[in-house]
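Data block below; observations after.
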Amino acid sequence: MKLTKYVLGAVTAAAFAGGAAAQTEISWWHAMGGANGERIDRIAAGFNESQSEYVVTPSFKGNYTETMTAAVAAFRAGEQPHIVQVFEVGTATMMAAEGAVYPISELMADSGTSFDQSVYLPAVVSYYQTPEGDLLSMPFNSSTPVLWYNKDAFAAAGIESPPTTWDEVNDAAQKLLDSGMTCGYSFGWQSWVMIENYGAWHNLPMGTQENGFAGLDTRFTFNNDAVVNRLQSIADSQESGIFKYGGRRGDSLSLFTSGECGMWMNSSAYYGSMVSQAEFEFGQTMLPLDTDVASAPQNSIIGGATLWVLRGKDEASYPGVAEFMNYMSSPEVQAWWHQETGYVPITTAAGVLSAEQGFYDENPGTDTAIVQLSLNTPTVNSRGLRFGNFVQIRDIINEEMEALWAGNVTAREAMDTAVARGNELLEKFEKANK
Amino acid sequence: MLKRVHFGPSLLPFLLVAPQIAVTLVFFMWPAGQALYQSLLVEDMFGLSTEFVWFENFKDLFSDSYYLGAFKRTALFSFAVATMAMGIALVLAAMVDRIIRGVYVYRTLLIWPYAVAPVVAGALWVFMFDPTLGIFAYALNTIGYDWNHKLNGGEAMTLVVLAATWKQIAYNFLFFVAAIQSIPKPLIEAAAIDGAGPFKRFWTIIFPLITPTMFFLLVVNIVYAFFDTFGIIHAITQGGPYRATEILVYKVWYDGAVAIDLGSSAAQSVILMAIVIIMTVVQFRYIERKVEY
């Protein structure tokens, strides 16, 4: 065993040494630390072994924000990487930098690589397309929020099936409390889950101009009655313990994995963390529906990141970038990535392959995210968001929602302020990118 | 006035100070100049389009209620950190001065926190006060107080003040111990013979004699609270909830590194630069005067 490892290592090293002189290097900056970072290294190594012309070198640049900043700073200094991983909220900003980014459709056409956009999941690519349907960046790690629930706690509380509507969520939470728990449910990435996805799920717009897809003069409209009523009801339910706020991003994960809260709404990509941290049986199911607002769910929108190609590198290296993009979205690579991490496969074929391999049968519920994303053909309200300065706007929404949870303001006030402050940043972005 | 004839023109002194000047120019003046220039620009992220806007970034800042809020918070935060860190350190130093056995052990232990990196200090406090997992949050819960600094701005501020104070106590302690030890023993002994108790001796002899140290520490502590607490705040609250712990330096970082609004971020650093200059001037003036007592 050990011997083969050494032999393999020696052979690979020799292959690298032999080909190094002629190989073109492709740099790939990413934001995946820990186990996912190692998986990225494996994808790159797989590509490097599959051909001899190019070498992809991944490097970890910190969290999403740090990676994006690093790439921007590098671009200003003329030292940019070929490929950079940018999270979905950075999309509008990247898009506006026309001289800096190399759209995927154009890259594929220029390098003569065959490229069929229809193999990608519509809900995934629609977020990153121009109004004309050209793909701007390559989806890489995409996820969507789902409802995680503690199966053991559900059984102990006598809840038979996971909730599908908000009324059922509240009922289930009440039963959990009656069974002795101190918290019914919590959620993380609250702007993404409770505003952005709540809107898409109920087919409500978050802003004008098709959520920003149709123009930079978009303004927010998420202070609608549906959102306000739902948030107010959540805020009111804090007193009895039905809902408990646990911080931004994934901070509230511990509320769920420690067994304090019986349900948790957040990204499907927490699957890996759940497997390693939760000491109980857990399941995932689709987000709850507000039956007062819509009679059936639309589809949820993605989060996560895509790979943007930056301009200004040696022309000869771009065909290699195109080749790598194709390798990375092959069913085998995608199915592996999906099963390991809980991110959704970006192509239909990868989902089919995972099913054939028996992954969903062995791990029931792991296809929830894909089902949710492809529930219906995305509408203008559910295909994605394109707002400039959205990184900051998300923080504004976080702040206003925190003020609501703390009881400082009502849901109406919180959303009105968030919309007003968000619109200021949208105006600023519109001005800066005319 | 000295007559200049004593000193013929020579290249040597210039050569000797040249490295220092070069370092200052490259590492201080140049970046500062860049910041000044950047603060007059409005730029998109990638630097593809740049517009010179004179003082618009500053004007925007001073009409931004969140920026003015950050000013007030910074003042409150620095005041709380400086007074608490100095007060506690002074008490500890005065106590240590009276210990006879094991004084080195005490001193060493009290100086330890200074070696802890700000981010690590922040992480420690975050763990202790985590509303779900933290031992202090749990203890508070058992006496009926529902601690949640992720939601309650006052609690968040308390927590960052505590963490920042804890980290600075060691530094202040070191200076206070040194200052107290440098007071001539006969002074204190004479007072003791005259019948002054430990308290009276402290207030009438030790305290007045260490005021220059105190002033020096006050300036150092305020500068510390202004600039070096970034790591602590970043680790504990990220400026939240609802900007309750967003102090000036945190906002500079956020606007520059997260929002990539370089113009506004540069304008804010220029304002911070002005504050430091003012504080340094005050410090030098005061200490120079005070040193001659």
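Please read all numbers here as calculations on a predicted model, not as lab measurements. Just so it is clear: chains get the letters A, B, ... in the order the sequence lines come, proteins before strands, and each one is counted from 1.
When heavy atoms are compared at a cutoff of 4.5 Å, D255(B) does not approach chain A at all. For S258(A), the part lying near chain B is the side chain, with the backbone staying farther off; criterion is any non-hydrogen pair under 4.5 Å. Contacts between V42(B) and chain A at a heavy-atom distance below 4.5 Å are absent for every atom of the residue. For chain B, no part of K431(A) is nearby; none of its heavy atoms comes within less than 4.5 Å. Residue contact with chain B, scored on non-hydrogen atoms closer than 4.5 Å, involves the backbone and the side chain of E400(A) alike. Contact of Q238(A) with chain B is made through the side chain alone, with heavy-atom distances under 4.5 Å. Interface residue L151(B): backbone and side-chain heavy atoms are both found under 4.5 Å from chain A. Of the atoms belonging to E260(A), it is side-chain heavy atoms, and not backbone ones, that fall under 4.5 Å from chain B. Only the side chain of E43(B) comes within contact range of chain A, judged by heavy atoms closer than 4.5 Å.
A donor-acceptor pair under 3.5 Å links the side-chain atoms of Q238(B) to the main chain of H234(B), judged by distance alone. Under a 3.5 Å cut-off, the side chain of T91(A) and the backbone N or O of E88(A) do form a donor-acceptor pair.
Here T93(A) is the residue among L425(A), N398(A), N408(A), T93(A) with the most heavy-atom pairs under 4.5 Å with chain B. Contact count versus chain B (heavy atoms, under 4.5 Å) is highest, among D251(A), D395(A), I396(A), V391(A), for D395(A).
A perpendicular orientation is assigned to the rings of F62(B) and Y67(B), their planes being inclined by more than 60° (bins at 30° and 60°). Note on ring orientation: taking the six-membered ring where Trp is involved, the planes of F46(B) and F75(A) are perpendicular (angle over 60°, cut-offs 30° and 60°). Below 30°, between 30° and 60°, or above 60°: for W125(B) and F129(B) the angle between ring planes is below 30°, a parallel geometry.
Salt bridge annotation for R394(A)-E196(A): present, with a cationic side-chain nitrogen under 4.0 angstrom from a carboxylate oxygen. In summary, R243(B) and E399(A) engage in a salt bridge, as defined by a charged side-chain N under 4.0 Å from a carboxylate O.
Within 6.0 Å of atom CG in L25(B), more than 12 heavy atoms from other residues, nucleotides or ligands are found, so the atom counts as buried in its surroundings.
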